[in-house]
Protein chains: 2
Amino acid sequence: MDKDLKIFLAKGDKEFLPHISIDCVIFGFHERQLKVLLLKWKEGGSWCIPGGFVKHQESLDASAIRTLKERTGLNNIYLKQFYSFGEPKRDNSKALLRRLGVNGSWLAKRFITVGYYALVDYSRVSPKPDWLTDICEWHDVHKIPKLIYDHNVIVKKALETLQLSLNDVPVGHKLLPSKFTMPELQDLYETILDRKLDRRNFQKKMLSFGVLERLEERRTGGAHKSPFLYRFDRKKYDSAMKGGGLKFGV
Amino acid sequence: MDKDLKIFLAKGDKEFLPHISIDCVIFGFHERQLKVLLLKWKEGGSWCIPGGFVKHQESLDASAIRTLKERTGLNNIYLKQFYSFGEPKRDNSKALLRRLGVNGSWLAKRFITVGYYALVDYSRVSPKPDWLTDICEWHDVHKIPKLIYDHNVIVKKALETLQLSLNDVPVGHKLLPSKFTMPELQDLYETILDRKLDRRNFQKKMLSFGVLERLEERRTGGAHKSPFLYRFDRKKYDSAMKGGGLKFGV
DNA sequence: TCAAAAGTGTTTCGGATACACCCATGA
DNA sequence: TCATGGGTGTATCCGAAACACTTTTGA
């Protein structure tokens, strides 16, 4: 058995609550695509989403924050708990557990997992695998491979939650770099909502919230007219989010 | 120690997953008030919301359904998981646990609890206490006493969730008796939203959804003009809920 | 007969949608 | 110079909100 894994199993059932895990759907935005950070298990294993376990004296949120920090290198991540999963049968990966030699251990027991989603600035993330995995990379949310357990269900539910709560969630502020153009912001909304929006109406409405500051700079190098760069005015943004959010998508 | 309690503790850690519970915020509507079903612990204990534990081969939903059935006598309850709780410190009730003589047992360990809310027809519920409690009764959601653990937080979050998802949740269909008047339906919406709505606009909009069937009967005995009775057309209602719900409250 | 609640309209207004025109840029 | 994308402005429409009048009922 893998050394790291052995160490982890030995301390696992003392340090962590049994039967309970947290899993994170980490969203990023890059090249007009909404991305999700996935991990691939060692030993030619399957893909999964980043997860972790809850220490005896640790809150659920803290456990998720710790996991996020470990996988992305980022602090101060926007994070929301959205649903808990854990059908008694998650039989998708018994073979893998056997191959890893962990069947029978507390790791192979039934788990209730608390789902979180996170919004991160793609450009600031340096993906890091954990002790159980050797690859950590971004995947288009619409091209997710088969994942272990019920992780496909978890990703699907996370995306639905994001779509439904789009008005109240600071997607622009969290998923984009600090400077961005209006078409980029629109791209983000169109990708999440999965439908086209009118360019002119989008700009009008977005500016009407009064949370954007237009900079002198423009994004040059593009093939056409250079669009302005914008930045969120932090204070105005925060108060706008408190007062009902940025109403889009119905 | 109480006999039922003793039996439960003995089998508890074999039959159920440790550290995991479910809690239900059961909403009803009566006399123009949104109500929540509360339990009171034996031995002069505190109030709490109904909860239960998850069997080893039972899904979270099934566990909640089982609990609901036991407390209300109802099958086919509308039920939604809305959030999971479980700060490491839920120190509110150590004294009570000591008085019951269960400190040290698995019941006194740290729990992660999965929150559900339910919508039930008040008139069809016969509240039943469980093995740990001797009172089971309705309380106005705005006059909840101090509850054990973080149950006040759970109720608050359930109400917020209900308000935010009002458009997509069949509150009218689930919280009212099968026959009801338009003013009663409006009362329900006003109570949940906690604000007044225009009587005429409400009726117009509600009827425009095309899910209500007006009966020949009227509600007589009131002090004034007798209002018509309505009934939901099940098929039309279901398809309307799928197609975006009944849009109210922003 | 009268106060209060219920049924049925019409008017008004604002935000969302649709659409037209000009400008800048690299190919 | 031209195809394409970006910036700005205007007309329209529909649903929400505001509001008026009549009818019914028990007291």
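Order of the sequence lines sets the chain letters (A, B, ...), proteins ahead of strands, with each chain counted from 1.
- If you check residues 210-224 of chain B against DNA chain C, the residues with a heavy atom closer than 4.0 Å are B/R214, B/H224, listed by number.
- With sequence neighbours excluded, the residues forming a ring pair (Phe, Tyr, Trp, His ring centres under 6.0 Å) with B/Y189 are B/F202, B/F248, listed by chain and number.
- Within a 6.0 Å radius of NZ in A/K174, more than 12 heavy atoms belonging to other residues, nucleotides or ligands are found.
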Starting at the 5' end of nucleotides 14-22 of chain C, put B wherever the base has a protein heavy atom under 4.0 Å, S where only the sugar-phosphate does, and a dash everywhere else. --SBBBB--
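- For B/L229 and C/dA6, the CG to C1' distance is 13 Å, given to the nearest whole Å.
- Residues that satisfy the ring pair (Phe, Tyr, Trp, His ring centres under 6.0 Å) test with B/H142, not counting sequence neighbours, are absent from this structure.
- Side-chain atoms of A/S59 and A/D61 include no donor-acceptor pair closer than 3.5 Å.
- Between chain A and DNA chain D, the heavy-atom contact criterion of under 4.0 Å yields a 5' to 3' nucleotide range of D/dT4 to D/dT10.
- Rounded to an integer number of Å, the gap from CD of B/Q203 to P of C/dT10 is 15 Å.
- Residue-environment remark: CZ (B/R231) stays at or below the threshold of 12 foreign heavy atoms within 6.0 Å.
- In this structure, B/Y122 has its ring center at least 6.0 angstrom away from the ring center of B/F29.
- Aromatic rings from B/Y78 and B/Y116 are positioned such that their centres are separated by 6.0 Å or more.
- With salt bridges taken as basic N to acidic carboxylate O contacts below 4.0 Å, one links B/E190 and B/K196.
- Taking a 6.0 Å sphere around NZ of B/K128, one finds it holds more than 12 heavy atoms contributed by other residues, nucleotides or ligands.
- Scanning for side-chain contact (heavy atoms from CB on, under 4.5 Å) contacts around A/S226 gives A/R218, A/T220, with sequence neighbours left out.
- The nearest whole Å value for the distance from the CZ atom in B/F202 to the P atom in C/dA5 is 17 Å.
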